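Shown below is the structure under consideration.
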Amino acid sequence: MKSQLSLDPQGPHHFIRAVSAEGTRVGETLYTGALIVGTETLIEHWPCSALPDLTDEQLEPVFALEPEVVLLGTGARQAFLPPERLAPFYRRGVGIEMMTTDAACRTFNVLASEGRRVVAALLPIDPD
């Protein structure tokens, strides 16, 4: 299943056009692995392959973008971080929302178009 998002960017920021098991299309480029998308910065090859393995070190590039909220796209199914993994967000006063990757992409576009300091940390959607 492919989630086609709006074709028209709503501002001068990164814009996620589509997401599927094939990858995540940001602008005209298709990314096939985990990535971090900020309004002005994109980090491909984010070395996080599974939510249970998420480390403080893997979160550093996310926090370096100084977001007010992080959207953690957990793949095809929504998953949650254990409470102890939420501590780095709370210490920094950063909001965290965990949702499917396609929902995180849609939400990123909306918040970015509103001028929010949002970062989407996206795990790929594995084909079933």
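The model shown is predicted, which means the values in this text are computed figures rather than measured ones.
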His14 side chain near Thr39 side chain, heavy-atom distance below 4.5 Å: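 His14 does not reach Thr39 side chain to side chain.
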
Shared hydrophobic cluster for Val26 and Leu122 (ILVMFWY, side-chain gaps under 4.5 Å): yes

Of all pairs that satisfy salt bridge (charged side-chain N to carboxylate O under 4.0 Å, His left out), the ones with a partner from residues 50-63, not counting sequence neighbours: Asp56-Arg85, Glu60-Arg92

Residues forming a salt bridge (charged side-chain N to carboxylate O under 4.0 Å, His left out) with Glu97, sequence neighbours excluded: none

Partner residues of Ala87 under the side-chain contact (heavy atoms from CB on, under 4.5 Å) criterion, sequence neighbours left out: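 Residues passing side-chain contact (heavy atoms from CB on, under 4.5 Å) with Ala87: Arg91.
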
Pairing residues for Phe63 by the ring pair (Phe, Tyr, Trp, His ring centres under 6.0 Å) criterion, not counting sequence neighbours: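 Partners of Phe63 by the ring pair (Phe, Tyr, Trp, His ring centres under 6.0 Å) criterion, ordered by chain and then number, come out as Phe89.
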
Thr41 side-chain N/O to Gly38 backbone N/O, donor-acceptor pair under 3.5 Å: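 No, Thr41 side chain to Gly38 backbone: no donor-acceptor pair under 3.5 Å.
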
Within-4.5 Å side-chain heavy-atom neighbours: Leu65 and Ile36: yes

Minimum side-chain heavy-atom gap Thr24-Cys105 below 4.5 Å: yes

Hphob cluster co-occupancy, Val110 + Ile96, side-chain heavy atoms under 4.5 angstrom: no

Joint hydrophobic cluster, Leu35 plus Val62, side-chain heavy atoms closer than 4.5 Å: no

Short side-chain to backbone donor-acceptor contact, Asn109 and Phe15, under 3.5 Å: no

Indicate every side-chain donor-acceptor pair of residues 42-51 with a distance under 3.5 Å to a residue at least two apart or in another chain.
unit_1 : atom_1 : unit_2 : atom_2 : d
Trp46  : NE1    : Gln58  : O      : 2.8

Cluster companions of Leu30 among Ile, Leu, Val, Met, Phe, Trp, Tyr (side-chain spacing under 4.5 Å):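 Joined to Leu30, directly or through intermediates: none.
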
Val119 to Pro67 - nearest heavy-atom pair and separation: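 Shortest heavy-atom separation between Val119 and Pro67 comes out as CG2-CB, 3.6 Å.
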
Note, Met99 side chain near Leu72 side chain (heavy atom, < 4.5 Å):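 No; the side chains remain at least 4.5 Å from each other.
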
Pair Val69-Val94, side-chain contact (heavy atoms from CB on, under 4.5 Å): steps then yes or no: CA-CA 5 Å; Val69 65; Val94 173; 5.8 Å; no

Set of residues satisfying side chain to side chain donor-acceptor pair (under 3.5 Å) with respect to Gln78, sequence neighbours excluded: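 Checked Gln78 against side chain to side chain donor-acceptor pair (under 3.5 Å); zero matches.
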
Counterpart residues, side chain to side chain donor-acceptor pair (under 3.5 Å), relative to Thr74 (two or more places apart): none

Partners passing side chain to side chain donor-acceptor pair (under 3.5 Å) against Glu84 (at least two apart in sequence or in another chain):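 With sequence neighbours excluded, Glu84 shows a side chain to side chain donor-acceptor pair (under 3.5 Å) to no residue whatsoever.
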
Common cluster, Val70/Leu123, ILVMFWY with side-chain heavy-atom separation under 4.5 Å: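 Both belong to a single hydrophobic cluster.
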
Which atom of Gly73 lies closest to which atom of Ala104, heavy atoms considered: CA-CB, 3.8 Å

Results of ring pair (Phe, Tyr, Trp, His ring centres under 6.0 Å) for Tyr31 - residues two or more places apart only: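 If we apply the ring pair (Phe, Tyr, Trp, His ring centres under 6.0 Å) test to Tyr31, skipping adjacent residues, there are no hits.
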
Listed partners of Arg117 passing side chain to side chain donor-acceptor pair (under 3.5 Å), at least two apart: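 Testing Arg117 for side chain to side chain donor-acceptor pair (under 3.5 Å), a comparison that skips the adjacent residues, returns none.
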
Exercise: identify the closest heavy-atom pair between Ile125 and Ala76: CG2-CB, 3.8 Å

Side chains of Leu81 and Met98 in contact at under 4.5 Å (non-hydrogen atoms): yes

Flag, side chain of Arg17 to backbone of Gly27, donor-acceptor distance under 3.5 Å: yes

In one Ile/Leu/Val/Met/Phe/Trp/Tyr side-chain cluster, 4.5 Å: Phe80, Tyr90: yes

Glu68, CD: over 12 other non-hydrogen atoms inside 6.0 angstrom: yes

